[in-house]
There are 2 protein chains.
Amino acid sequence: MQTLNVDLGDRSYPIYIGEDLLSQAELLRQHIHGHQVLVISNETVAPIYLESIRRSLGDLHYSELILPDGEQYKSLEVLGKIYDRLLEENHNRTTTLVALGGGVVGDMTGFAAASYQRGVNFIQIPTTLLSQVDSSVGGKTGVNHPLGKNMIGAFHQPQCVIADTQTLSTLPPRELSAGVAEVIKYGLISDASFYRWLKGNVDGLLACDGDVLSEVIRRSCENKAHVVASDEREAGVRAILNFGHTFGHAIETAQGYGAWLHGEAVAAGMMLATDLSSRLGWLTVGDVNDVRQLLQQSRLPVQPPTMSCDQFLSLMARDKKVLDGNLRLVLLKSVGEAIVTSDVTTQQIKATLMAAGVQS
Amino acid sequence: MQTLNVDLGDRSYPIYIGEDLLSQAELLRQHIHGHQVLVISNETVAPIYLESIRRSLGDLHYSELILPDGEQYKSLEVLGKIYDRLLEENHNRTTTLVALGGGVVGDMTGFAAASYQRGVNFIQIPTTLLSQVDSSVGGKTGVNHPLGKNMIGAFHQPQCVIADTQTLSTLPPRELSAGVAEVIKYGLISDASFYRWLKGNVDGLLACDGDVLSEVIRRSCENKAHVVASDEREAGVRAILNFGHTFGHAIETAQGYGAWLHGEAVAAGMMLATDLSSRLGWLTVGDVNDVRQLLQQSRLPVQPPTMSCDQFLSLMARDKKVLDGNLRLVLLKSVGEAIVTSDVTTQQIKATLMAAGVQS
């Protein structure tokens with residue numbers, strides 16, 4: 001087992017990474033400080049992994065809430081069901097919420113924990129590669145609104161994260177690939193040597209090789225933790241974590257949540273942002289082809305779905321990075337170095353979109 | 001005008017206190033940093049004071065949302081309407097929410113600001129005595145749940161608070177008195193000299209004398225700021241601000257929100273807590289009579305409504321100060337000095353309740 005400490009002063013916490021961690025009761029138990037626990041999971045994950053959690057909790061007073069599975073349930077309405085349960089069972093401020101599942105369960109449980117009685121403890125047990133390398137670090141929690149993704153939420157740090165690589169063995173291949181998109185992102189924005197290492201290890205990654213997975217999760221979380229530690233509240237540099245996401249969110253919103261997986265939309269979005277970076281003269285054509293090849297090898301889409309330029313541009317105008325009407329994009333200065341810039345013309349964005357087959 | 005600075009490091013902010021501050025556009029303008037503003041008010045306050053705010057905002061891009069008036073609208077459902085409006089109008093992270101109204105508008109607007117895009121700026125313009133002396137300081141925001149008051153929320157500090165004493169001239173006398181309950185509380189829990197000063201000035205206060213009001217608001221906010229600064233996240237000493245509230249919340253919940261005003265329930269609750277403190281030998285019978293007289297002079301109830309002891313005890317068990325099943329109460333060691341204690345028996349609480357006419 002590897003332990004990575006996310007350093008955020010008095011909100012610091014450990015991420016445990018390794019095989020079969022769910023069977024180690026003490027990992028979970030040592031981070032539960034009160035006498036009440038609510039385990040929140042979904043109907044896909046619960047039947048497989050909830051039993052391990054039950055064994056770990058043993059004699060503690062705990063209860064379980066199983067939510068429907070899917071991005072469309074990451075809503076204020078479902079959040080309300082978490083509050084209902086907490087209040088019906090008289091949970092107090094010392095309660096601990098345990099999120100067992102992917103990003104949807106983690107984000108919603110985290111926001112419920114951030115806002116129930118103005119803040120209670122929570123523990124993340126992410127069971128998808130995407131949530132292990134993404135939601136594990138950064139404290140972002142929240143729900144979607146019909147008019148935009150993650151528009152309602154809070155920053156709230158967990159007590160600990162338990163990333164058991166074993167849980168990835170039951171993950172559908174498409175979801176595993178979606179997680180790889182975010183892994184490639186860390187290489188591209190801040191770690192060229194990790195990017196190069198990935199090119200040689202993507203097959204082992206897709207085959208769920210335990211050692212490769214542990215290494216991938218550790219280096220991804222390290223990269224993210226490094227960015228987050230210098231900008232916890234997302235005032236500046238943290239925005240580079242949104243590489244590929246401005247285009248990606250537009251794709252997700254246009255297609256309706258759930259049609260494309262988040263990681264798939266991000267992959268196509270990274271391809272667009274990479275192309276745009278080369279148009280600005282920062283990357284070579286070879287760099288662009290390299291990125292395309294790695295994404296394809298990871299079984300990820302490298303082209304956007306059928307959408308118009310206008311649809312892209314109007315959806316991108318809703319991005320959270322927009323400041324007083326100015327669109328800001330995360331682009332690559334080189335492989336391993338991202339910047340945030342508003343110095344891109346609509347014409348340049350359109351050129352990239354049309355080169356990718358988007359209608360004018 | 002008096003300016004009180006609430007010292008919370010990089011979340012510090014000023015409270016402006018005085019007459020006719022709403023006509024001073026610059027006070028408000030200097031705290032709006034982006035180009036978007038949403039003013040949130042209610043149907044009682046908006047017709048009287050919204051025009052002043054419109055004049056202050058002048059050429060800024062702003063819009064208005066008028067909510068129904070009343071504690072029963074401090075709900076997740078009404079909060080959803082604030083999110084809807086923000087998204088329909090594409091408000092981004094640099095937007096500023098302005099709360100114009102009493103505690104309901106302030107608490108809901110504050111929570112919307114805390115959670116919209118994980119946190120945007122907001123400005124409080126409280127128009128009731130209660131909100132001027134209470135919600136102005138401390139950053140507590142939130143909404144009610146059918147099973148408990150303020151159960152969903154966040155800590156979120158405003159950019160500034162503008163407490164215009166002129167707005168109290170249109171406040172119904174019953175609501176003014178409800179605010180006085182919290183003012184008396186500050187004297188009782190932490191400022192004996194302020195308590196004595198109040199005994200000589202309560203008539204001027206009820207008559208809305210401008211100088212008395214300014215002094216009352218400043219000293220109340222100072223007292224609260226002092227407590228909050230030493231315990232922003234309510235881990236310890238801050239709980240003394242809940243003097244009278246554990247009994248008070250039980251009364252409010254039993255009666256249904258809105259039947260008793262919050263301050264009225266707190267007044268009856270403080271009377272119970274004062275009586276209980278004397279039963280523990282910390283206050284004299286003279287002290288208790290003194291408190292009763294000041295509350296009566298302030299036109300506040302000093303007896304609970306028709307409820308049973310069991311009803312009180314089961315509702316009090318839901319209090320946010322309950323830790324792992326132990327009820328903790330705020331009581332007075334002496335006039336001007338409160339403590340939090342779990343060292344009270346159910347028998348002692350029942351004795352106090354029954355002395356106040358509550359059925360066994």
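We name chains A, B, ... by the order of the sequence lines, and we start the count at 1 in each one.
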Given heavy-atom pairs under 4.5 angstrom as the criterion, report whether the side chain, backbone, both or neither of Leu76(B) touches chain A. side chain
Side chain, backbone, both or neither: which part of Thr95(B) has a non-hydrogen atom closer than 4.5 Å to chain A?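 Looking at Thr95(B), nothing touches chain A.
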Crowding at OH, Tyr13(A) (>12 non-hydrogen neighbours, <6.0 Å): yes
A quick test of your reading: do over 12 heavy atoms of other residues, nucleotides or ligands sit less than 6.0 Å from OH of Tyr73(A)?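 It does not: Tyr73(A) OH has 12 such atoms or fewer within range.
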What pairs of residues pass the salt bridge (Lys or Arg N to Asp or Glu O under 4.0 Å) test when at least one of them lies in residues 77-88 of chain A, not counting sequence neighbours?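 Checked against salt bridge (Lys or Arg N to Asp or Glu O under 4.0 Å) - neighbours excluded - the pairs reaching residues 77-88 of chain A are Arg85(A)-Glu89(A).
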Hey, what do you get for CD1 (Ile152(A)) to CG (Leu86(B)), rounding to the nearest 0.5 Å?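 Here the rounded value is 9.0 Å.
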